[in-house]
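Below you'll find the structure, written out as structure tokens, and then a few comments.
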Amino acid sequence: MSTVLLHVGQAGNQIGQELWTLLLEESPMKEDIFFDKFTNKARAVLVDSEPKVVKHIMEDKNISFIFDQQNLQYTQSGRGNNWALGYSATYREPTDPHIGAGADESMPLYERALEALRKEAEKADYFLGVMLVHSLAGGTGSGLGSRLIESYRDTFGKAYLATTSVWPHSSGETPLQHYNTCFSMSRLQENADAVLLFQNETIMKTLSKLITLKSTAQGHKDHHAINMASAVTMKNLNESIVTVLRHVMQPQKEEKFDFSELMNLACMPAYKMLEAHTNPLLFNRHMCYAGEKSWSAVVDGALSQVQLPATQEPLFRPIPKPSKPPGTAIPTSKFIPKEEHKEDTQQAIADSKKREGVKRFEEWFEGEMAGPQKVEAFSQLEKQHQTICTTAYFKGIDATEEISRTQPTYKSFRDRLTQRFKTVNWNPASESTTVRIIEEAPFRRFDCTRSATVIGNRTSISLPIRKLLDTSIQKFHAKAYLHWYSQYGIEKDDFLHTFESLRGVIDAYESALL
Amino acid sequence: MPREIITIQVGQCGNQIALKFWELALKEHAEYNKSLIYDEALSSFFRNVDGRGGVQKNLPCGSNITDLKARSIVVDMETGVINNKILNGELKDIFEARQCVSDQSGAGNNWARGHLECGPKYKEEIEEKVRQAVEHCDSLQGFFFTHSLGGGTGSGLGSYILKDLADLYPSVFRFSTCVFPSEDDDVVTSPYNSMLALNVLIENADCVLPVDNQALFDIVSRIDTQYQAQAHKREEKSSGAIIKQGSAITDPMALTEKKGGVGAKPVRHYERENSIVAHVINNLTCSMRFEGDLNVDLNEITMNLVPYPRMHFLLSSLSPLYSVLQPGNSQLAPRGIDDSFREAMERSNQLIQQANPLEAVYLACGLIVRGPKVEISDITRNVEKLQKRLKMVGWNKEGFKVGHCYQAPLNQPYSVLTLANNTSTRTIMQRLRTKFMKIYKQKVFVHHYTEFMDQSHFDHCLETCEEVIESYKNMEEKYLGKWGELDDEEEIVADAYRFRPII
């Protein structure tokens, strides 16, 4: 049973580089999971529309020998962060007689990539499916990736398709990211079986917390030095994604990746978007724990990475409140009514502080919540978003003896899990939360005795999708950048269809709460 | 086989800027490529030629460097610059007479002569040379035009070539770095020439980087003053004497010669100003040549920063600038990468003088960061700061395009280039329009142009220019004038999708 990994675009290939370096060390070739044991080549197809990243991989002596030359398909000029250009089936590079290795020169990139994928799938004894690794915001990863998964569905009807998709940073990686992400998400929803979403923002927050912990521990006081010491590089982002992927794709030694775990999580066609977190994370080629190495701390470290919806930002600027009618102005008279004149000054101070605190909280909260409907209590928001399915892997050398079912630690970890991932009432925790305790060292190469991975299918994924839809519609109404898309065949109708399908995803997730 | 760029340098100003650019490119590649192999980075700008045996052969990547030839077309209607500087100057080895198109008489500072007389006259020759240059390329990315708008050749013939290439090679991007005339420009007809050329740029160029001579002068004099102040401090510390203003020590030229800042040679007119522009062009294309985490190609720059087809004027600003002019002097350096970002957004570092981008609205902002020590977290941190500080247009609040290249520029640990599509670029066009109207109202000098074209063309160009100014203004007013609120129609749409808590 084998899976082919398909890396498309700059992000996909950069992650691919890290992933294959790890897999080469962790999953030896004879196991025949990620490597074909006869040819000793990786089951991977690397596609990109500019040569730099693929060439970089070929020059990396650690892993260049594992790739089959004909699985590397690239062209020269890039897809300009334009989904339409990446998606276009007919686009040919300008003045480009020489193209990637082993290529039939007359075929456009997407056909060559599909051909390479087909050949790779045919090599396997039992081809199970494809894991696509790409980003959603660019041109190649999102556009060409979407085209590839559509063709894949046509060619391989019954095979699985899981994706690892990188969601762009909300502070902006490119102005076209919203349109590109919308289109890609709609294609993923139609064609993929499970989508592992990684949000750049979340990963960066986790990593910078990790580093500041370490650097303050080392005694860096200077702000400048802390910035330097807490620099998160692109490589670090990729490394953390790769650590999660490793756990997801091969939870246990010699276990084949058969998509079953992912399919358990993505239990219904409407709910495909998964998020995964793990602790410890690979960081600069070391395993980095967030906190201590005890089981409790490891599990908490993984759970703390799970973003609670309450921490998400509001989508709109707050509407200015209607001005209060004059009679209800806050009295500013200096006369203090008798009942507030407390004898006990300590009590008075405490009371006033409490009032002040509550008032400040309320004001802050009113400012934060947009729209005329205020949600009264903070904790109500937490109650709103729930989880449909959860899976957790606790992997460690002493896993069974520390967390085996007879001991209270198992129950406490399960409780922590269900606290963080509150399940919907139609899919109770006893049915939908899977906990696997695996007794082996998580990594061969790295010094790591325990690790915890949590994967969740949560309704709160609708929040970033809402934000995305909102910004895209604003842009669409302003008619911004539309000419770049219509140049390559994506017209207004396509935009509207896409917005509708995303609206469908949001509705599906939110109706799960009812 | 990487992405190639063909530079088309037209006119006296264009050729001088381009010369500075080639000098910089050679220095950078020499710094980067110590192995003397003709690698892909070099291949973007240069061809490796084996000229033995009479017939020139292009050598592929991976061969040893034998003879580098620049991928450029040199056009000028008078022979001064071509003969003195290009074919016989310091850089004569990278140019051949085959890539030059020249004439004797010049275009007389007349756009119409350049565009409508010299253009058709040299059309075939230029097209042939461009075709040859394109054939030498494997995967052509774009044409870079360097020219000024105030003269005759750069503006007239330059815009003719731009239009021609837009027809012949529609899918290849056309970037134009054009120099707008300054306030005290000595050419009287420069407003006419600029307006007529601007019309062609609006309709045919994919991306325009306007440069203002005045801004360049200001930058150079500011750096000189800073350098003097530093030198003062050093002098005072060492000698304890008070230096008088206007004495020999405060003369910048004398200083540079003494301290060996720019070199012992006398500094030529415009050389430092041109080197600033050369740095901008270089940084723009660094991602195509060198490696980095976040590659930004030319087509990405155009697609991300140009939301509407006609609004493709980018305000550029570069930081740090000190070492462009005083290489090796690190006392004027900004303190860290955050400082560099801040400086890059300041008005004093931008190449258009009168535009005040912080008061105006940003449609999109591109940031190209170079340097090995800059990491993604530094960039994200600064972008978040900028998001709060800059007025981004409502539908593009996260309209930042970030590129990162590992290779640091010469003599500097890092640099930040900002390419902003900002509505304040209209100030440069408005200024041009005012000057144009002053002389057009009296119809002075118009007869020089009506020899070749119809007078209504002037009106047409004025209209196009005003349309673009209007559209920039609209963007600005919509999103600034009403204090950031949406208008009624948009409010209704936004309301339909507004976030509402479920319960």
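Chain letters run A, B, ... following the sequence lines, proteins first and then strands; every chain starts at 1. From a predicted model like this one, the values you see are computed outputs, not experimental measurements.
For B:Val393, no part sits under 4.5 Å from any heavy atom of chain A, backbone or side chain. Contacts between B:Gln387 and chain A at a heavy-atom distance below 4.5 Å involve the side chain alone, from C-beta outward. Neither the backbone nor the side chain of A:Lys235 comes within less than 4.5 Å of any heavy atom of chain B. The part of A:Met204 that comes within reach of chain B is its side chain, from C-beta onward, which places non-hydrogen atoms under 4.5 angstrom from that chain. B:Asn295 touches chain A through backbone and side chain together, each having a heavy atom under 4.5 Å away.
Two residues are said to be in side-chain contact when any heavy atoms from C-beta on lie closer than 4.5 Å; B:Leu294 and A:Glu173 fail this criterion. Looking at B:Met303 and A:Leu85, their side chains come closer than 4.5 Å, going by heavy atoms from C-beta outward.
Expressed to the nearest 0.5 Å, how far CG of B:Asp293 lies from CD of A:Gln10 amounts to 8.0 Å. Distance check: B:Ser377 OG to A:Ile211 CD1 gives 6.5 Å after rounding to the nearest 0.5 Å. Rounded to the nearest 0.5 Å, atoms NZ (B:Lys397) and NE2 (A:His178) are 11.0 Å apart. The distance from atom CG of A:Asn200 to atom OG1 of B:Thr380, rounded to the nearest 0.5 Å, is 8.5 Å. One distance of note links CG of A:Asn81 with NZ of B:Lys401; it measures 3.5 Å at 0.5 Å rounding. Note that the OG1 atom of A:Thr233 and the CD1 atom of B:Ile379 stand 11.0 Å from one another [nearest 0.5 Å].
In terms of heavy-atom pairs under 4.5 angstrom with chain A, the leader among B:Gly403, B:Gly292, B:Gly366, B:Pro309 is B:Pro309. When each of B:Leu386, B:Asn396, B:Val383 is checked for heavy-atom pairs under 4.5 Å with chain A, B:Asn396 comes out on top. For the set B:Val374, B:Asn299, B:Leu305, the entry with the most heavy-atom pairs within less than 4.5 Å of chain A is B:Asn299.
In A:His483, the NE2 atom is crowded: over 12 heavy atoms of neighbouring residues, nucleotides or ligands sit closer than 6.0 Å.
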TODO: Evaluate the criterion side chain to side chain contact (heavy atoms under 4.5 Å, CB included) for residue pair B:Glu384 and A:His169; output intermediate values, then yes/no.
DONE: CA-CA 11 Å; B:Glu384 280 172 4; A:His169 203 298; 3.6 Å; yes
Task: Evaluation steps, side chain to side chain contact (heavy atoms under 4.5 Å, CB included), between B:Glu300 and A:Thr174 - done: CA-CA 9 Å; B:Glu300 285 181 21; A:Thr174 130; over 6 Å; no
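The closest donor-acceptor contact from the side chain of A:Lys52 to the backbone of B:Ser287 lies under 3.5 Å.
Using bins of under 30°, 30° to 60° and over 60° for the plane-to-plane angle, the ring pair B:Trp395/A:Tyr481 lands in the perpendicular bin.
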